[in-house]
Amino acid sequence: MSENVLSGRYLVAGGAGFIGSHVCETLLNRNCEVVAVDNFVTGSPANIKTLLGNKNFTFIEQDIVRPLSISGPVTGIFHLASPASPVDYAKLPIETLHVGALGSDQILKLALEKRASILVASTSEVYGDPLEHPQKETYWGNVNTIGPRGCYDESKRYMEALTMAYHRVHQLSTRIVRIFNTYGPRMRVNDGRVVPNFCMQALAGEPVTVYGKGDQTRSFCYVDDMVDGLLRLMASSYFKPVNIGNPLEMSILQFARKIIELCASKSTIQYLPLPEDDPKIRRPDISLAQELLDWRPQIGLDEGLQRTVNYFKSQRSHL
Ligand code: NAD
Ligand code: UDP
């Protein structure tokens with residue numbers, strides 16, 4: 001795959017989060033300047049600790065729901081700020097709706113002021129509990145607006161609509177990425193998502209908690225592949241939504257067994273109730289990203305999970 005070329009000064013909203021901190025790091029490695037903004041609601045100062053000494057990196061602690069003033073030019077904005085784990089957004093439903101609606105509006109206004117390109121991070125959750133499989137960008141979704149996931153799904157659907165409105169009314173240079181389940185180092189150990197839960201449980205030799213029968217499916221993308229996709233999309237001029245994710249689909253029970261094996265763990269499996277509205281199947285159709293961006297995942301599941309397990313091992317010593 002050809003290298004995507006980005007240069008200039010980038011703002012990363014949600015830059016102290018899991019994916020955001022990897023975006024910052026990759027941009028810095030490619031000699032871009034980076035300004036990260038984050039309020040640490042689900043992110044962590046530890047994620048950007050190694051970046052703080054870099055002369056091309058600036059950090060601003062702020063809630064992006066409030067007006068944001070950035071001095072100097074901005075070439076592009078990556079808007080990744082939002083709680084993303086179902087456990088996080090169930091605890092923070094109002095903050096989640098506000099950042100998707102009001103925070104996105106502030107960030108889009110800033111892009112307009114700076115004449116910057118902006119990439120907004122949407123999600124496979126806009127497809128809800130999908131009735132089409134695999135999910136293509138043309139599918140409109142099956143979302144329960146008033147269920148426990150509604151705060152997240154609808155905030156992202158609103159953000160997509162708002163982004164298209166700025167594009168149509170102001171000719172703003174916009175990109176919309178629909179991110180599918182992504183994993184890797186710097187996920188919070190206790191964010192409640194399946195990868196940290198299973199890795200931490202398997203490493204501790206505790207029961208691995210499978211919700212429902214574990215026959216629901218997901219498709220997991222390693223974070224380096226995701227960041228490569230986000231940068232390629234930013235470097236393009238395509239303004240409609242693009243799925244980025246790994247199409248390798250598996251059941252959650254298979255996934256639990258894989259992690260137990262990779263951790264060489266003696267953990268057993270404990271079945272717990274399936275959360276309300278948990279999507280039964282999910283797999284991205286990535287033909288658009290392949291055609292448009294010449295992008296496809298490069299890191300195999302075993303390799304990505306091994307790196308992730310090593311990260312969680314290192315985190316256990318801080319507990
Ligand atoms: P994360 O929780 O690790 O990162 C989100 C970051 O945004 C955190 O650092 C948080 O503190 C910050 N943030 C939240 N609200 C904010 C606000 N009001 N002001 C400033 N900062 C704020 O989650 P992540 O997994 O890195 O997700 C990043 C983005 O990608 C999110 O927008 C999420 O919806 C999207 N996404 C992620 C996945 C995934 O599998 N990781 C899947 C689909 C979509
Ligand atoms: N899950 C599970 N056990 C856990 C955490 C999650 O079985 O300890 C399941 C969850 O029900 C869902 C899948 O794993 O079907 C992925 O959950 P996650 O919270 O990572 O993200 P989602 O894809 O649901 O947004």
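Order of listing sets the numbers, starting from 1, for every ligand and every atom in it.
Within ligand 1, counting atoms from 1 as listed, the ones closer than 4.0 Å to a heavy atom of Gly43 are 8 (C), 9 (O), 10 (C), 11 (O). Residue Asp63 has at least one heavy-atom neighbour below 4.0 Å for each of these atoms of ligand 1: 17 (C), 18 (N), 19 (N). For ligand 1 and Phe40, the ligand atoms under 4.0 Å from any heavy atom of the residue are 11 (O).
Of the N or O atoms in Ser122, none lie within a sub-3.5 Å distance of an N or O in ligand 1. Polar contact with ligand 1: present for Val41 (N/O pair, distance under 3.5 Å). Distances between N or O atoms of Gly17 and those of ligand 1 include at least one value under 3.5 Å. Between Asn181 and ligand 1, no N or O atom pair is found at a separation short of 3.5 Å.
In this structure, the side chain of Tyr139 engages the main chain of Leu131 through a donor-acceptor pair within 3.5 Å. Checked by atom type and distance alone, the side chain of Arg178 pairs as donor or acceptor with a backbone atom of Glu137 at under 3.5 Å.
When heavy-atom distances to ligand 1 are checked against a 4.0 Å cut-off, Tyr152 comes that close only through its side chain, counted from C-beta outward. Heavy atoms of Glu95 found under 4.0 angstrom from ligand 1: none, in either backbone or side chain.
At least one heavy atom of Gln62 sits closer than 4.0 Å to an atom of ligand 1. At least one heavy atom of Ala16 sits closer than 4.0 Å to an atom of ligand 1. Within the structure, ligand 1 lacks Met187 among the residues with a heavy atom less than 4.0 angstrom away. Residue contact annotation: Lys156 has a non-hydrogen atom under 4.0 Å from ligand 1.
Scanning the protein for heavy atoms near atom 3 (O) of ligand 1, the closest one is Phe18 N, 2.9 Å. What sits closest to atom 27 (O) of ligand 1 on the protein, heavy atoms only, is Ala84 CB, 3.6 Å. When only non-hydrogen protein atoms are considered, atom 22 (C) of ligand 1 lies nearest to Asn39 OD1, 3.0 Å. Among protein heavy atoms, the minimum distance from atom 28 (C) of ligand 1 is reached at Leu80 O, 3.4 Å. From the protein, the heavy atom lying nearest to atom 11 (O) of ligand 1 is Asp38 OD1, 2.6 Å. Of all protein heavy atoms, the one closest to atom 5 (C) of ligand 1 is Ser82 O, 3.3 Å. If you check which protein heavy atom lies closest to atom 30 (O) of ligand 1, you get Ile179 CD1, 3.7 Å. Protein heavy atom at the shortest distance from atom 10 (C) of ligand 1 is Thr42 OG1, 3.2 Å.
Of all the listed residues (Ile64, Ile244, Val99, Leu230), Ile64 holds the heavy atom that lies closest to atom 19 (N) of ligand 1. With Val23, Thr182, Ile19 as candidates, the residue nearest to atom 37 (C) of ligand 1 on a non-hydrogen basis is Ile19.
A salt bridge is defined here as a Lys NZ or Arg NE, NH1 or NH2 lying under 4.0 Å from an Asp or Glu carboxylate O, and Asp129 with Arg282 fails to meet this definition. Under the 4.0 Å criterion applied to side-chain N and carboxylate O atoms, Asp215 and Lys280 are not assigned as salt-bridge partners. Between Arg307 and Glu303 there is a salt bridge, with a side-chain nitrogen of the basic residue lying less than 4.0 Å from a carboxylate oxygen of the acidic one.
Distance CG/Asn39 to CD/Glu95: 9.0 Å, rounded to 0.5 Å. To the nearest 0.5 Å, atoms CZ (Phe198) and OG1 (Thr209) are separated by 5.5 Å. Atom CG of Asp105 and atom CD1 of Ile64 lie 10.0 Å apart (nearest 0.5 Å).
Met159 and Ser104 get closest at one heavy-atom pair: CG-OG, 3.3 Å. The two residues Leu293 and Arg232 have their closest heavy-atom pair at O-NH1, 3.1 Å. Between Ser71 and Arg9, the shortest heavy-atom contact is O-NH1, 2.9 Å. Smallest separation of non-hydrogen atoms from Phe40 and Pro45: CE2-N, 3.5 Å. Closest non-hydrogen pair, Tyr89 versus Ala84, comes out as CE2-O, 3.6 Å. The two residues Phe180 and Thr182 have their closest heavy-atom pair at O-OG1, 2.7 Å.
Between His170 and Tyr166, the ring planes are tilted. Angles from 30° to 60° get that label.
Each of Arg30, Lys49, Arg186 was evaluated against Glu25; a single residue qualifies, Arg186, per the salt bridge (charged side-chain N to carboxylate O under 4.0 Å, His left out) test.
For a heavy-atom separation below 4.0 Å, the residues in contact with ligand 2 are Pro86, Glu125, Arg149, Asn181, Gly192, Arg193, Val194, Asn197, Phe198, Thr209, Val210, Tyr211, Gln216, Arg218, Ile252, Pro275, Asp278, Arg282.
Sorted by first then second residue, the ring-ring contact (aromatic ring centres under 6.0 Å, His included) pairs that include residues 214-237, not counting sequence neighbours, are Tyr183-Tyr222, Phe220-Phe255.
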